[in-house]
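I have a structure I would like to understand better, so I am pasting it below and will then ask my questions one at a time.
Convention: sequence-line order gives letters A, B, ...; per-chain numbering from 1.
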Amino acid sequence: MSRYNHREVEPKWRERWAASAIDRALAPDEAKGKPKAYILEMFPYPSGRIHVGHSRNYAMGDVIARFRRANGYNVLHPMGWDAFGLPAENAAMERGIHPKGWTYDNIAAMRDQLKLLGLAIDWSRELATCDVAYYKHQQAMFLAFWEKGLVYRKKQKVNWDPVDNTVLANEQVVDGKGWRSGAPVETRELEQWMFKVTAYADDLLQAIGGLDKWPDKVRLMQSNWIGKSQGAKIWWEVESAPDFLPPSPAGQPNHARDPIEVYTTRPDTLFGASFLALAPDHPLTKAIAAHNPAVAKFIEDCAHLGTSEADIEKAPKFGVDLGLRVRHPFDPNWILPVWGANFVLSTYGTGAIFGSPAGDQRDLDFANKYNLPFKPVVLPPGADAATYSVTDEAFTDDGVIYNSGFLDGLSTRDAIVRAIDELVKLDAGEATTQWRLRDWGVSRQRYWGCPIPAVHCAKCGVVPVPEKDLPIALPEDVTFDKDKPGNPLDRHPTWKHVKCPQCAGEAQRETDTLDTFVDSSWYFARFTDPNNEAAPFDKTLANYWLPVDQYVGGVEHAVLHLLYARFFTRAMRDCGYLDLPSGEPFKSLFTQGMVVHETYKSAAGAWLLPEETEVRGGGRVELKSGKPVEVGDIEKMSKSKKNVVDLDAFVADYGADVARWFVLSDSPPERDVEWTASGVKGAWNFVQRVWTLASAGDMPSPTDAPPKTIMLGEPLALRQLAHRAIQSVTDDIENFRFNVAVARCYELVNGIAKLKGDDEASRWVRGEALRILAQLIAPFMPHLAEECWEALGGQGFVATATWPVADPQLAARTTVTLPIQVNGKKRAEIEAPAGAPEADVREMALKHPSVVQFLEGQTVRKVIVVADRIVNIVAN
RNA sequence: GCGAGCGUGGCGAAACUGGUAGACGCAGCGGACUUAAAAUCCGUUCGCCGUAAGGCGGUGCGGGUUCAACUCCCGCCGCUCGCACCA
């Protein structure tokens with residue numbers, strides 16, 4: 001028996017696996033009836049180095065991939081790099097390194113690190129989104145989407161990040177700040193390339209219902225983001241307007257005196273209307289502000305409102321009478337005032353609402369503040385029409401309509417339909433559907449991204465680059481200068497000057513590049529055929545592998561990446577790239593928790609790496625200075641807070657298996673796990689213990705027949721334990737309960753260590769149990785498992801051995817321990833054969849001495865026997 | 001404010017569709033081996049009362065349903081995440 005030396009063992013097996021190419025996914029025609037399993041972790045951005053926190057995501061995917069392979073699946077488990085993006089340009093500006101060199105150096109370093117983990121990845125399929133070989137297909141797809149009408153250009157207000165000097169999508173603005181830079185976002189008007197995500201809005205929403213293997217939380221976030229609402233547009237005729245608004249010329253749209261269009265989900269409350277309210281930047285509000293100082297001031301006041309959460313919450317409702325009057329659609333004599341109001345959003349609906357105070361809290365607050373009249377029109381269930389009133393709490397639920405003319409007596413639901421019918425009849429409105437989801441602006445004014453294949457020609461306008469002229473490669477001779485903001489592509493002396501593909505005249509290339517979320521919207525499809533030069537991927541290969549059977553990644557991508565990918569698969573399908581009837585890229589999604597770690601701050605206030613500190617006496621001190629260290633919050637491992645444990649160093653000290661085992665034990669996978677020294681110790685001890693047992697060398701080989709003697713007592717108990725462990729671990733992996741699977745492995749090891757006997761049966765059973773153990777831990781600790789498997793005389797790799805199947809005879813319980821309760825309190829235990837008839841169990845329970853004692857002087861009223869579970873005697 | 005989730009020993013946590021609360025790991029305590037330490041091994045560890053057998057209490061708090069509640073229902077408290085006046 002020797003001490004386990006991971007420094008030799010781990011590289012040895014990685015070399016052998018690579019030499020045998022066991023991780024290579026088989027082509028469909030090689031698979032010979034094996035079912036396919038596509039396992040994918042969200043691919044990393046090559047930021048520089050990997051820390052142990054990253055390893056959890058890959059370890060989880062790897063457990064599933066190895067488990068599926070052992071269960072006879074043809075597994076595709078690839079890895080690649082989300083390699084375009086801003087940090088490369090920032091590095092270029094700060095350190096004078098070219099983004100390309102920086103990125104590929106990082107990829108090389110991180111690839112080496114990832115390989116240390118011993119992941120069962122088909123490295124022959126590796127890709128990087130910044131390879132021309134990758135993005136040229138993206139350009140071709142862009143053209144196909146364009147032709148299909150899914151790409152268009154639009155001049156619109158955009159979110160401008162003044163630090164990154166680029167446009168951000170709505171999804172990329174968090175709390176009014178850029179998601180990456182954290183700088184307050186400004187508004188600019190720019191001509192943008194758009195992807196028509198809204199073309200699939202309904203399908204993207206409907207299909208969420210079919211994603212039954214996604215976390216509910218993510219499904220909810222997706223549907224909230226899409227935000228479908230059904231309602232009505234209503235046109236309110238202007239009765240009178242300030243004199244400075246010119247009279248409406250016939251046939252001119254969007255004129256100041258045209259009817260005001262309002263969106264509502266509650267046309268049933270129309271009879272409760274008391275005013276109209278327009279957003280501060282509604283065109284009409286602006287037109288009036290030009291002549292009315294009070295309105296101008298109102299707009300000014302709104303602009304000064306902060307955008308942070310607290311500001312919005314605290315902001316009181318306020319507004320200004322715009323001096324316009326409109327007619328109620330159902331009663332031409334009913335005149336309502338039009339106000340500007342700060343709580344009306346120009347970006348949602350039509351930027352105008354009608355206020356129905358009794359049925360909407362905001363409207364009610366507003367009406368109360370400005371003494372606008374209101375009356376209740378929805379009677380809550382059970383309320384009395386004669387006495388019911390609304391003062392400062394609106395009733396927003398469904399009820400029965402009253403005080404509402406022809407709508408009286410209808411339910412909310414029926415009244416909505418009836419009101420819309422009437423609006424249509426009067427030509428004053430129509431039913432409509434409103435979405436929160438907006439089209440995806442993909443233009444980025446950056447260098448390190450996929451060039452958009454378009455040319456601007458003075459004569460022909462915006463012209464697509466013909467597919468035969470692809471790829472449009474990024475020029476490498478660009479300059480990065482902190483003092484010159486904006487896009488280096490745009491500054492390049494020659495790159496953008498081209499001939500128009502249509503008229504051959506002088507023209508200019510598009511210098512915007514694509515949002516990097518585009519790159520990650522189809523990489524999973526490229527993995528199915530990563531070296532295809534003629535096409536993004538072969539249709540039959542994509543059809544074979546897609547959808548991804550198990551996708552693993554962080555919740556932080558619950559909205560952006562997943563929504564874009566879902567859009568992309570639909571667009572690719574409709575452009576003929578693949579079939580994928582569901583349109584869904586990811587069949588099953590698992591969002592894993594993060595690895596968190598304490599943070600340390602030096603006396604001087606600088607963040608410290610864990611290895612720069614140590615525990616001395618009662619506290620933690622800085623190694624260099626010996627000064628005490630402030631122990632901060634436990635946070636997600638991140639470079640900026642320095643609370644990271646570098647993977648290379650850790651693997652050198654403890655081995656990859658310890659890291660893998662640790663991040664999967666203790667905490668449920670969906671919850672965060674704290675990286676601690678004690679947890680590492682537990683994993684390390686386990687590795688040593690398993691090896692000590694497996695290398696004892698007194699076991700018979702797997703081919704030896706089981707001993708003929710009837711197995712009883714301890715050897716039988718261990719066999720049963722081992723076979724139950726197979727059942728449990730199999731089930732636990734299947735259901736992402738890795739922490740429980742780990743606990744079952746500990747139990748099995750404890751059981752093996754306990755069986756000390758030197759007799760034939762004990763030795764044979766130990767051998768069997770250890771081989772089972774090696775197989776069960778193989779998905780988690782592949783190197784150790786191989787070493788044990790070999791020591792135990794296993795054939796071939798444990799990695800490719802067929803997953804063990806529990807002997808049902810052994811796994812089944814023959815006897816069960818039944819607790820006996822009297823009046824719900826446990827008073828005794830009995831051993832009974834499994835599945836014993838209820839009458840027998842009942843009799844045994846009632847005869848038990850402790851039970852008899854407890855029942856003394858009482859009458860048994862009822863005996864509840866739950867088979868193989870519990871007995872409860874009710875008595876008094 | 002709206003929505004979702006969570007709350008169990010000193011710590012991370014288990015507990016199948018309601019059926020022995022605390023599996024497993026860490027830390028602790030006691031012991032063996034050792035000159036000693038490390039490593040390893042054995043035992044023990046929810047609280048209270050009791051020498052013990054045993055009893056009582058216990059899954060954030062208060063109520064309820066049930067023979068039986070960590071689990072289901074109602075009302076609070078606390079924490080985490082998402083959304084943000086969405087008409």
Original post:
Name the one of Asp268(A), Thr269(A), Thr264(A) that satisfies side chain to side chain donor-acceptor pair (under 3.5 Å) with Arg266(A)?
Top reply: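 The residue from Asp268(A), Thr269(A), Thr264(A) that satisfies side chain to side chain donor-acceptor pair (under 3.5 Å) with Arg266(A) turns out to be Asp268(A).
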Subject >> Atom-pair distance (CZ on Arg689(A); C1' on C42(B)), nearest Å >> reply: 11 Å
Original post:
Considering only side-chain heavy atoms of Tyr746(A), which listed nucleotide, G25(B), A23(B), U40(B), is closest?
Top reply: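 Taking heavy atoms from C-beta onward, the closest nucleotide is G25(B).
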Subject >> Span that lies between the C1' atom of C42(B) and that of G47(B), in whole angstrom >> reply: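 Taking atom C1' in both G47(B) and C42(B), they lie 27 Å apart.
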Original post:
How far, in whole Å, is G75(B) from A23(B) if one measures between their C1' atoms?
Top reply: 34 Å
Original post:
Considering heavy-atom distances to RNA chain B, does Tyr348(A) or Ser665(A) have its closest nucleotide positioned more toward the 5' end?
Top reply: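 So the residue in question is Ser665(A).
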Subject >> Six-ring centre of Phe343(A), Lys317(A) cation under 6.0 angstrom, axis tolerance 45° >> reply: yes
Original post:
In whole angstrom, what separates Phe854(A)'s CZ from A53(B)'s C1'?
Top reply: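 Answer to the nearest Å: 12 Å.
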Original post:
Reckon Arg671(A) has a side-chain N or O less than 4.0 Å from the OP1 or OP2 of G12(B)?
Top reply: no
Original post:
At under 4.0 Å, does any side-chain N or O of Ser667(A) touch on OP1 or OP2 of G12(B)?
Top reply: no
Subject >> Gap in Å between the two C1' atoms, one belonging to U65(B) and one to C46(B), rounded >> reply: 28 Å
Original post:
Within the structure shown, what part of the strands sits under 4.0 Å from Tyr263(A) by heavy-atom distance: base, sugar-phosphate, or nothing?
Top reply: base
Subject >> Upstream residue (5' side of RNA chain B) when Lys826(A) and Ala683(A) are each assigned their closest nucleotide >> reply: Lys826(A)
**OP:** Measure from the side chain of Arg436(A), starting at C-beta and using heavy atoms only, and say which of C86(B), U40(B), G82(B) lies closest.
**Re:** C86(B)
Original post:
Is there a side-chain polar atom (N or O) of Arg827(A) under 4.0 Å from OP1 or OP2 of C56(B)?
Top reply: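 For C56(B), OP1 or OP2 has a side-chain N or O of Arg827(A) closer than 4.0 Å.
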Subject >> Nearest-Å distance once atom C1' is located in both G43(B) and U59(B) >> reply: 28 Å
**OP:** Pick the P atom in A52(B) and in G63(B), then give their distance to the nearest Å.
**Re:**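 Pairwise P distance, A52(B) against G63(B), rounds to 33 Å.
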Original post:
Would Arg737(A) and Asp731(A) pass as an ion pair if we require N to O under 4.0 Å?
Top reply: yes
Original post:
Distance between the C1' atoms of A4(B) and A87(B), in whole angstroms?
Top reply: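 A4(B) and A87(B) have their C1' atoms separated by 24 Å.
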Original post:
So what does Val874(A) hit on the nucleic acid, given a heavy-atom distance under 4.0 Å: a base, only sugar-phosphate, or nothing?
Top reply: sugar-phosphate
Original post:
Under the 3.5 Å rule, do the base of C85(B) and the side chain of Lys317(A) count as making a donor-acceptor pair?
Top reply: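 It does, because a donor-acceptor pair links the side chain of Lys317(A) to the base of C85(B) below 3.5 Å.
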Subject >> Side-chain donor-acceptor contact under 3.5 Å, Gln222(A) with Arg566(A) >> reply: yes
Original post:
Ile752(A) CD1 to C41(B) P: how many Å, rounded?
Top reply: 14 Å
Original post:
G57(B) phosphate, OP1 or OP2: any side-chain N/O from Lys825(A) under 4.0 angstrom?
Top reply: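 Lys825(A) to G57(B) OP1/OP2: side-chain N or O found under 4.0 Å.
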Original post:
Reckon Leu220(A) touches a base, only the sugar-phosphate, or nothing at all at heavy-atom distances under 4.0 Å?
Top reply: sugar-phosphate
Original post:
Should Arg219(A) be listed as having a side-chain N or O under 4.0 Å from OP1 or OP2 of A4(B)?
Top reply: no
**OP:** When you get a sec, tell me which of G19(B), C26(B), A87(B) is the closest nucleotide to the side chain of Gln821(A)?
**Re:**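 So the side chain of Gln821(A) is nearest to G19(B).
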Original post:
Do the side-chain N or O atoms of Asn739(A) get closer than 4.0 angstrom to the phosphate oxygens (OP1, OP2) of A14(B)?
Top reply: yes
Original post:
What is the nucleic acid contact for Gln361(A), judged by heavy atoms within less than 4.0 Å: base, sugar-phosphate only, or nothing?
Top reply: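 No contact.
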Subject >> Touch class at under 4.0 angstrom, heavy-atom based, for Ser356(A) against every strand present >> reply: nothing
**OP:** Could you check if the base of G60(B) is syn or anti? Syn means the glycosidic torsion is within 90 degrees of 0.
**Re:**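 This nucleotide is in anti.
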Original post:
In a check of side chain to side chain contact (heavy atoms under 4.5 Å, CB included) between Val865(A) and each of Val841(A), Asn872(A), Ile870(A), Leu818(A), which one passes?
Top reply: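 When side chain to side chain contact (heavy atoms under 4.5 Å, CB included) is applied between Val865(A) and each of Val841(A), Asn872(A), Ile870(A), Leu818(A), only Val841(A) qualifies.
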**OP:** Quickly work out the Gln858(A) CD to C67(B) P distance and round it to whole Å.
**Re:**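 Interatomic distance, CD of Gln858(A) to P of C67(B): 17 Å.
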Subject >> Euclidean distance for P, C74(B) against G54(B) (whole angstrom) >> reply: 41 Å
Subject >> Residues Thr692(A) and Tyr4(A): side-chain donor-acceptor under 3.5 angstrom >> reply: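 No.
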**OP:** Starting from C1' on C26(B), measure out to CG on Asp666(A) and report it in whole angstrom.
**Re:**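 For the pair Asp666(A) CG and C26(B) C1', the rounded distance is 7 Å.
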Original post:
Can we say Asp365(A) and Arg362(A) salt-bridge, meaning some charged N sits less than 4.0 Å from an Asp/Glu carboxylate O?
Top reply: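 Salt bridge flag = no for Arg362(A) with Asp365(A).
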Original post:
Below 4.0 angstrom from OP1 or OP2 of C2(B), is there any side-chain N or O of Asn224(A)?
Top reply: no
Subject >> Atom P, compared across U71(B) and G64(B): separation rounded to whole Å >> reply: 15 Å
Subject >> Nearest-angstrom distance from the residue atom CZ of Phe318(A) to P of C85(B) >> reply: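 Distance check: Phe318(A) CZ to C85(B) P gives 14 Å.
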Original post:
Hey, does the side chain of Asn872(A) come within less than 4.0 Å of U20(B)'s phosphate (OP1/OP2), counting only N and O?
Top reply: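 Negative; the distance criterion is not met.
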**OP:** Would you kindly give the CG-to-C1' distance between Asp672(A) and G7(B), to the nearest whole Å?
**Re:**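 To the nearest whole Å, that distance equals 16 Å.
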Subject >> Gap between atoms CD1 and P, on Ile226(A) and C83(B) respectively (whole Å) >> reply: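 These atoms are roughly 15 Å apart.
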Original post:
Does the side chain of Lys213(A) come within less than 4.5 Å of Phe590(A)'s, by heavy atoms?
Top reply: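 The answer is no; the side chains never approach within 4.5 Å.
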Original post:
When we call it a touch if two heavy atoms are under 4.0 Å apart, what does Asn750(A) touch: a base, just sugar-phosphate, or nothing?
Top reply: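 Sugar-phosphate: the residue Asn750(A), judged by heavy atoms under 4.0 Å, touches backbone atoms but no base.
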**OP:** Remember a base hit wins even if backbone is also touched, and classify Val555(A) as base, sugar-phosphate or nothing at under 4.0 Å, heavy atoms.
**Re:** nothing
